[in-house]
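What follows is a single structure, written as structure tokens, with notes after it.
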Amino acid sequence: MTAIQGFIPASRRPGELGIHSLDRFLFSVPDLAVAQRFYSEFGLDIQTSGSVLTMGTYDHPHVWGTISEGPRKKFGYCSFGAFEDDIDRFATRLQDMKIKRLDPPPGVQSNGLWFNDHDGNLVEVKVAAKSSPDEKTRFLFREAAAGERGAPFRSALPRTRPRRLSHVLLFTRDVPEAMEFYTRVLGLRVSDYSGENVAFLHGIHGSDHHMIAFARSDAPGLHHLSWDVGSVDEIGAGAMHMLAKGYDRGWGLGRHVLGSNYFHYVRDPWGSHSEYSADIDYVPATCDWKGGDQPGEDAFYAWGPNVPEDFVRNYEAN
Ligand SMILES: [Fe+2]
């Protein structure tokens, strides 16, 4: 007998207006071939589409990001996904808040709502399927039984292939303003923050502890893209593969406190990072996350190597 697959609606918090996903991001780099190599080795499914590269993850149909060619590495925009019956309410909200609607950037065909955020970054809210997870993503820790070998042989260690985008961290000139804008306009909620230095925001319809985060700088920019993997072994295998391919700078292995994820960051060829992330905290649509202002020295990371001196340098600032 064939099982009939029922339609399972995305998780949703009733009665509140907020985006549900970070549907797509765009940034530009000076050489697409360099980007193709880096992100392919990182384990992403990178495809050429016209004059841009698309960033996918294997076994997932979504396109998480787009990379275009430009004179230097530069963050472009974030496009957020909303439920169809919310989009008119977003348009009304923008009007009520006197936020000017803009045309999409040249070459982008999307009829969403385009506007600038507090920092002048281009933002879109559009109707899209929910690509943020509806439940906490599986994390595997396999404990070996007595009399059994726990570790894989190196030759049996598979290539790490991230499952999905977890979050994007952007530089901003003003973290409190970012918190204000993204909560009031896009309907995100602040999970945790550290003074005026960093803030982590989640979607109200169920998302990771942060789908977007902001760190203080003197200019906007992209700090890192974070990609979900299923185990600490996958983080280690990914980091070792990147090292073998010459991408020897980064930070990890460690564990964050805000978000709780295990991490290893690989520095990309332009001074920003891609993060292997595992077991990040999840905020269901039914949960009011109990977070707040957390002291940086206690909350940045629980354990890990010393932070590289240029880890939070914004190479887009000059
Ligand atoms: Fe991260």
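Whatever order the structure lists ligands and atoms in, that order sets their numbers, starting from 1. Residue numbers run from 1 in the order of the sequence given. These numbers come from the heavy atoms of this one structure, side chains and all, not from hydrogens, waters or symmetry mates.
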Could you work out, with ring-ring contact (aromatic ring centres under 6.0 Å, His included) as the rule, every residue matching F171, not counting sequence neighbours?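 ring-ring contact (aromatic ring centres under 6.0 Å, His included) list for F171, sorted by chain: H223.
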Are F139 and F141 near enough that their ring centres are under 6.0 Å apart? no
If we ignore hydrogens and angles and just use 3.5 Å, is the side chain of R249 paired with the main-chain N or O of R267 as donor and acceptor?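 The answer is no, because no donor-acceptor pair under 3.5 Å joins these two groups.
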Which residues pass the salt bridge (Lys or Arg N to Asp or Glu O under 4.0 Å) test with D233, not counting sequence neighbours?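 Scan of D233 (salt bridge (Lys or Arg N to Asp or Glu O under 4.0 Å), adjacent residues dropped) gives none.
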Under the rule for salt bridge (Lys or Arg N to Asp or Glu O under 4.0 Å), what residues qualify as partners of D192, not counting sequence neighbours?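 Here no residue qualifies.
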Metal environment of the Fe ion (ligand 1), protein N/O/S under 2.8 Å: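 Near the Fe ion (ligand 1), the protein supplies H167 NE2, H224 NE2, E275 OE1.
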Ion pair E16/R189, N-O distance below 4.0 Å: yes
